[in-house]
Structures are given as structure tokens and as C-alpha cells.
Amino acid sequence: MIGLVVTMLLAMLDNLIVGTAMPTIVGDLGGAEHLSWVVTAYTLATAASTPIWGKLGDLYGRKGTFLTSIVIFLVGSALAGLSQSMTQLIAFRALQGLGAGGLMVGVMSIMGALVPPRDRGKYQGMFAAVMALATIGGPLVGGFITDHLSWHWTFYINLPLGIVALAVVVVTLKLPKVRSTAKIDYFGALLLTTGITSLVLITTWGGQQYAWGSKQILGLAALAAASLIAFCYVEQRVDEPMLPLNLFKNLNFTLVSIIGFIVGFAMFGAVTFLPLYQQTVQGASATNSGLLLMPMMFGMLVVSLAVGQAVTKTGKYRIYPIIGTAVMAGGSLLLSTLGTDTARFTSSCYMVVLGAGMGFLMQITMLVAQNSAELKDMGVASSTATLFRTIGGSFGVALFGAIFNSRVTSTMAALPKQPGGDAHGAKLTQMGPAELRKLPAPVQDLYHHAVSNGIHTVFLWGAAVSVIAVVAALFMKEIPLRGGAGQAKPEKHLEAV
């Protein structure tokens with residue numbers, strides 16, 4: 001458990017630290033139009049590799065694949081810290097994402113194999129403590145590093161923690177050895193990766209680099225449809241499918257996958273764009289914007305811990321996704337009202353609401369997914385649940401990025417040229433917060449208005465998408481959790497796996 005906790009800390013810290021530093025990175029490397037790609041490359045690579053890591057763990061042993069994913073993540077972190085251009089940063093973030101795909105799914109599948117769902121709440125206190133350290137300390141550390149050292153260290157900070165994680169996992173994690181002669185479904189993985197990549201490119205490029213009706217976007221749509229249809233065909237005919245489609249015959253598994261997708265959609269969008277609003281419009285430093293994210297993270301932590309304990313005590317869980325999705329939709333709607341004159345206290349209260357909604361869902365989505373699958377499919381169920389949340393994050397950042405950039409660009413189209421300078425139009429999106437504050441007041445005011453308009457539109461769409469999760473939660477059924485009275489003990493559970 002100690003090894004899993006340290007690795008979860010490593011996985012959770014990365015995006016929280018980097019998200020706070022993104023405005024400064026854009027100001028240093030330029031290319032604000034590629035801002036969403038720094039996150040999208042990471043989450044896309046994570047999504048593509050997650051099912052592969054899950055299946056490799058099931059077939060050849062979880063410990064070896066787990067350690068390999070940590071090493072790849074650390075190599076990607078080191079290279080990302082050395083980046084000298086936005087292109088390099090995006091490429092190395094993708095490598096980082098390949099390793100990250102095995103971190104969370106490794107933690108969750110090992111946890112699922114060792115502890116039955118009914119008893120899992122006993123261990124959530126430990127994971128909640130990690131969430132507290134990561135969610136509260138991550139943005140703060142990221143802001144401090146950005147203000148007082150260099151944004152490069154937001155990636156280097158992973159190295160010492162990763163080395164500790166490797167050492168602890170090697171020494172403490174003891175799992176039964178697994179041997180299998182089955183072949184990995186590489187063709188299925190290729191088709192799934194192609195489909196996911198095409199869809200994310202559509203959301204990123206559509207209406208920005210290419211018109212929605214252009215041959216590039218239509219071609220990507222055709223490629224995505226063909227790849228996913230072929231993937232479904234292949235998965236029904238291979239001996240060891242990368243993603244067994246029979247999992248989706250279980251209604252709860254299907255519904256919780258949809259909810260997980262939307263949780264990732266909302267969370268990554270908030271973590272990516274709220275610091276930009278806080279630093280640009282509210283005038284916060286990188287460190288302060290990290291502190292200003294704490295209300296959302298604190299709300300998520302407290303609720304998640306309370307829900308975990310309640311589920312362990314009662315064995316009931318259906319009510320929590322219903323409440324959580326409704327609160328998440330309400331939080332997104334409140335954040336859509338942010339403007340140029342919104343007080344920090346007000347925006348903090350709105351973030352608490354969004355964080356509380358996600359707190360109801362963070363642990364429950366994985367719990368229900370694992371409880372809905374057979375014991376032999378524990379790794380695949382864990383990777384699938386993680387995959388949907390990751391894809392949701394990728395889609396959320398890509399779609400929110402396209403919406404945000406479009407809204408900001410259209411608002412700034414009326415920006416008057418300033419005498420003796422050319423800092424107008426698209427050039428503003430390439431400046432860091434410090435540079436923007438040196439511009440004439442009229443230019444700053446219009447850009448603040450443009451950013452507020454972008455934030456308004458982003459969270460308004462987030463609220464609309466969250467309604468889908470509310471509907472999905474209402475159809476969920478209360479299926480008893482394994483591990484209750486009269487059910488298999490954890491030792492038998494492990495032997496079955």
C-alpha cells in the first residue's frame with residue numbers, strides 16, 4: 001500500500017503543478033494557440049496507453065509493468081524540463097503521458113486485486129491523505145517554483161519523487177507471479193488509438209485551423225468512425241481483446257464509464273483554464289493562483305473522504321453519483337458567471353461547489369466499475385474506467401481550448417491599434433501575465449474582457465455536458481458490493497484473480 005500511495009502522489013502531482021505554470025510557460029515559449037496541446041498531448045498519450053498497460057498487467061504481471069511505466073514517466077519528465085520550444089514540450093509531454101497511462105491504472109488494478117470493493121473504504125483515508133497533499137500542495141508548489149525558480153523545475157520535481165516511488169515499489173510490493181502465452185491485441189490497440197486521436201484532432205482543429213466543413217475535418221471524422229467500427233469488429237473476434245466489449249453489457253459499467261468521462265471533462269477543463277483567468281483577469285501571481293485553486297481541491301477531498309467512509313459502513317452507493325453529478329453541473333454553471341469584476345472570494349465559493357461535486361464521483365466511479373466486472377477482468381475494468389476519465393480530460397481540454405481561443409479571438413477582433421506598438425490581436429495570446437500588465441490600460445481591459453468571455457463560454461458548455469452525467473446517474477442500479485457479510489474474503493478474492 002505504501003508503494004501504491006507514493007506512486008499515486010507522483011501521478012496526481014504532475015498536472016496540478018504544470019497547470020499552474022502554464023501561463024508562464026506560454027509567455028516564455030510563445031504559441032498560446034497551442035496551450036491546450038500541452039495538456040492534450042499528455043492526456044491523449046495516456047489514453048492510448050492505458051488499455052495496453054492494463055492488459056499487460058493482467059497477462060504478464062502487474063509489478064513489472066507498473067515499474068516500467070514509472071521509468072517512462074520519469075524520462076518524459078526530465079526531457080520536458082529541458083524543452084526549448086513549445087513543439088519540444090508537447091512531444092515530451094506525450095512521452096510523459098505514455099508512462100502516466102500505467103501509473104493510475106496500475107495503482108487501481110493492484111488495489112482492486114488485493115481489496116474487495118466493500119472493504120476498500122478502509123484504505124481510502126490513506127489515498128485521501130495523498131489527494132490532500134497533491135491537490136493542495138501541487139498548485140502551491142507549482143506556483144512557487146514558477147515564481148522563484150523556473151517553470152522547468154515543474155517537471156524536474158518529478159524525478160526525486162519518482163526515484164523514491166521506484167525504490168519503495170521494488171522493495172515492498174509483493175504480488176503473485178503471472179505467466180501467460182496469450183498475445184496482446186496490438187491491432188485492436190492501434191485501431192482504438194487511431195480513433196481516439198482522430199476525435200481529439202477534430203475537437204482541437206475544428207473551427208480553428210480548419211473549417212468544420214473542410215476536407216481535413218471531414219477526413220478525420222471518417223477515419224475516426226472507420227477505426228472505431230473496425231475496433232468493435234476486431235474485439236469480438238480475438239482471444240484476448242484489448243477492451244472486452246461484453247463489459248458494457250453491464251448497465252452500471254456503461255453508465256459509470258459515461259460519468260467518468262464527464263468527470264475528466266470537467267476537471268481537466270477547470271484545472272487548465274481557471275489559473276489563466278486568475279493570473280490574467282484577477283491579477284494573481286502563479287503562486288497565488290495555485291492557492292486560489294485550493295477551495296476546489298479541498299471540496300473534492302473532504303467529500304471524497306466522507307463518501308468513502310459512508311460506502312464502507314453502509315454498502316450503499318447509488319445516491320452519491322446522483323448528488324455528485326447535480327452538484328458538478330451547478331458548480332460549472334456558477335463558474336460560467338465569472339467576469340472581470342468577480343471577487344476572489346466569490347470565485348472561490350464557486351470552485352468549492354464544483355470540487356464537492358467531483359468529490360462525490362472520484363472514488364465511486366472506479367468502485368462501481370470494478371464491482372461490475374468479473375474478478376478475472378479486474379485489470380481491464382480498472383484500465384477502462386481510467387481510460388474513459390482520461391479521454392474525457394483530453395476531449396475537455398481540446399474542446400474547451402477550441403471554444404476558449406475562438407471566443408477570445410472574436411472578442412479581440414475589435415481591439416484598436418495602439419500608437420507606437422503592435423501588441424494587439426493574436427499577439428496578446430502569446431504574452432505572459434507580467435508582459436500583459438505592461439500594456440496600456442485600454443488594451444488590458446479589453447483582453448480581460450475577452451478572457452472572461454472565454455471562461456464564461458467554457459463553463460457554460462461544461463454545465464450542459466454535466467447534465468448528461470445526471471441522467472446517467474439516475475439510471476444506475478444498487479448492486480451489492482463484493483466483500484460484505486457472507487461474501488468472499490480478500491484472500492479468496494486474490495486467489496481468484
Q: Starting at CG of L79, measure out to CG of L89 and round the result to the nearest 0.5 Å.
A: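 Going from the CG atom of L79 to the CG atom of L89 covers 11.0 Å.
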Q: Would you indicate whether the side-chain heavy atoms of Y156 and L82 approach each other to under 4.5 Å?
A: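 Of all side-chain heavy-atom pairs linking Y156 with L82, at least one is under 4.5 Å.
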Q: Looking only at non-hydrogen atoms, find the nearest pair between A45 and A94 and report the distance.
A: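 Closest approach of A45 to A94, heavy atoms only: CB-O, 3.0 Å.
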Q: Which distance, rounded to the nearest 0.5 Å, do you find between the CG of L98 and the OH of Y42?
A: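 Interatomic distance, L98 CG to Y42 OH, rounded to 0.5 Å: 10.5 Å.
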Q: I would like to know whether V352 and M296 meet side chain to side chain contact (heavy atoms under 4.5 Å, CB included); could you show each step before the answer?
A: CA-CA 4 Å; V352 169; M296 182 179 74; over 6 Å; no
Q: Could you pull out all residues at least two apart from Q88 that satisfy side-chain contact (heavy atoms from CB on, under 4.5 Å)?
A: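 Testing Q88 for side-chain contact (heavy atoms from CB on, under 4.5 Å), a comparison that skips the adjacent residues, returns S83, Q84, S85, F92.
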Q: Apply the test side chain to side chain contact (heavy atoms under 4.5 Å, CB included) to residues T7 and F66: give CA-CA distance (whole Å), side-chain angles for both, the deciding distance (0.1 Å), then the verdict.
A: CA-CA 10 Å; T7 308; F66 193 38; 3.4 Å; yes
Q: Looking only at heavy atoms, what is the nearest atom pair of L192 and P51, with distance?
A: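 Scanning both residues completely, I find the closest heavy atoms to be CD2-CG, 4.0 Å.
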Q: Should S466 and T325 count as side-chain neighbours, where that means a heavy-atom distance under 4.5 Å?
A: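 Counting from C-beta outward, S466 and T325 never come under 4.5 Å.
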Q: Nearest 0.5 angstrom please: M366 CE to T384 OG1, how far?
A: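 One finds 9.5 Å between CE of M366 and OG1 of T384.
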Q: Using side chain to side chain contact (heavy atoms under 4.5 Å, CB included) as the criterion, point out the one residue from T194, L228, I202 that pairs with L223.
A: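 Result for side chain to side chain contact (heavy atoms under 4.5 Å, CB included) with L223: T194.
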Q: Are any of the side-chain heavy atoms of L103 and W53 separated by less than 4.5 Å?
A: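 Result no, sub-4.5 Å side-chain heavy-atom pair not found.
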Q: Between the main-chain N or O of G81 and the side-chain N or O of W153, is there a donor-acceptor pair closer than 3.5 Å?
A: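 It does not hold such a pair.
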Q: Not counting sequence neighbours, list each pair that qualifies as a salt bridge (Lys or Arg N to Asp or Glu O under 4.0 Å) and has a residue in residues 83-101.
A: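 Pairs touching residues 83-101 that pass the test: D14-R93.
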Q: Roughly how far, to the nearest 0.5 Å, is CD1 of I403 from CZ of F273?
A: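 Those atoms lie 9.0 Å apart.
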Q: Out of curiosity, S227 OG to L220 CG, how far, rounded to the nearest 0.5 Å?
A: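 Interatomic distance, S227 OG to L220 CG, rounded to 0.5 Å: 10.0 Å.
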Q: So, for G162 and I70, which heavy atoms are closest and what is the spacing to 0.1 Å?
A: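 Scanning both residues, the minimum pair turns out to be O-CG2, 4.2 Å.
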Q: Is any side-chain heavy atom of S77 closer than 4.5 Å to a side-chain heavy atom of F73?
A: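 S77 reaches F73 side chain to side chain.
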Q: Is any side-chain heavy atom of V368 closer than 4.5 Å to a side-chain heavy atom of F253?
A: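 Side chain of V368 against side chain of F253, heavy atoms only: no contact under 4.5 Å found.
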Q: Is a donor on one side and an acceptor on the other found under 3.5 Å between the side chain of S336 and the backbone of F459?
A: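 Judged by distance alone, no pair lies under 3.5 Å.
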Q: Please report the C-alpha distance between M328 and I262 in whole Å, then the side-chain angles of each, then the deciding distance to 0.1 Å, and finally whether the side chain to side chain contact (heavy atoms under 4.5 Å, CB included) criterion is met.
A: CA-CA 10 Å; M328 185 173 68; I262 296 173; 3.8 Å; yes
Q: Would you indicate whether F248, at its atom CZ, is surrounded by more than 12 heavy atoms from other residues, nucleotides or ligands within a distance under 6.0 Å?
A: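 For F248, atom CZ is crowded (more than 12 foreign heavy atoms under 6.0 Å).
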Q: Heavy atoms only: give me the nearest V281-H448 pair and the separation to one decimal.
A: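 Closest pair (atom of V281, atom of H448, distance): CG2-O, 3.8 Å.
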Q: Looking only at non-hydrogen atoms, find the nearest pair between P321 and I364 and report the distance.
A: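 Answer, listing the atom of P321 first, then I364: CG-CG2, 3.6 Å.
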Q: Please check if the side chain of S347 supplies one atom and the backbone of R344 the other of a donor-acceptor pair under 3.5 Å.
A: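 Yes; at least one donor-acceptor contact below 3.5 Å.
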Q: Test side chain to side chain contact (heavy atoms under 4.5 Å, CB included) on L74 and L166 and set out the steps.
A: CA-CA 10 Å; L74 295 181; L166 277 174; 4.0 Å; yes
Q: Does any non-hydrogen side-chain atom of V256 lie less than 4.5 Å from one of F261?
A: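 The answer is no, as the side chains (C-beta and beyond) never meet within the 4.5 Å cut-off.
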Q: Using a 4.5 Å cut-off on heavy atoms from C-beta on, say whether the side chain of N158 contacts that of Q96.
A: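 Yes; the side chains approach each other to less than 4.5 Å.
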Q: If you look at every heavy atom in L67 and V169, which pair is closest and at what distance?
A: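 Closest pair (atom of L67, atom of V169, distance): CD2-CG1, 3.4 Å.
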Q: Under a 4.5 Å cut-off applied to non-hydrogen side-chain atoms, are L335 and M351 in contact?
A: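 With C-beta onward as the side chain, the pair touches.
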Q: Is the distance between the ring centroids of F265 and F400 less than 6.0 Å?
A: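 Yes, ring centres under 6.0 Å apart.
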Q: To the nearest 0.5 angstrom, please state how far the CZ atom of F388 sits from the CD1 atom of I258.
A: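 F388 CZ to I258 CD1: 8.0 Å, rounded to 0.5 Å.
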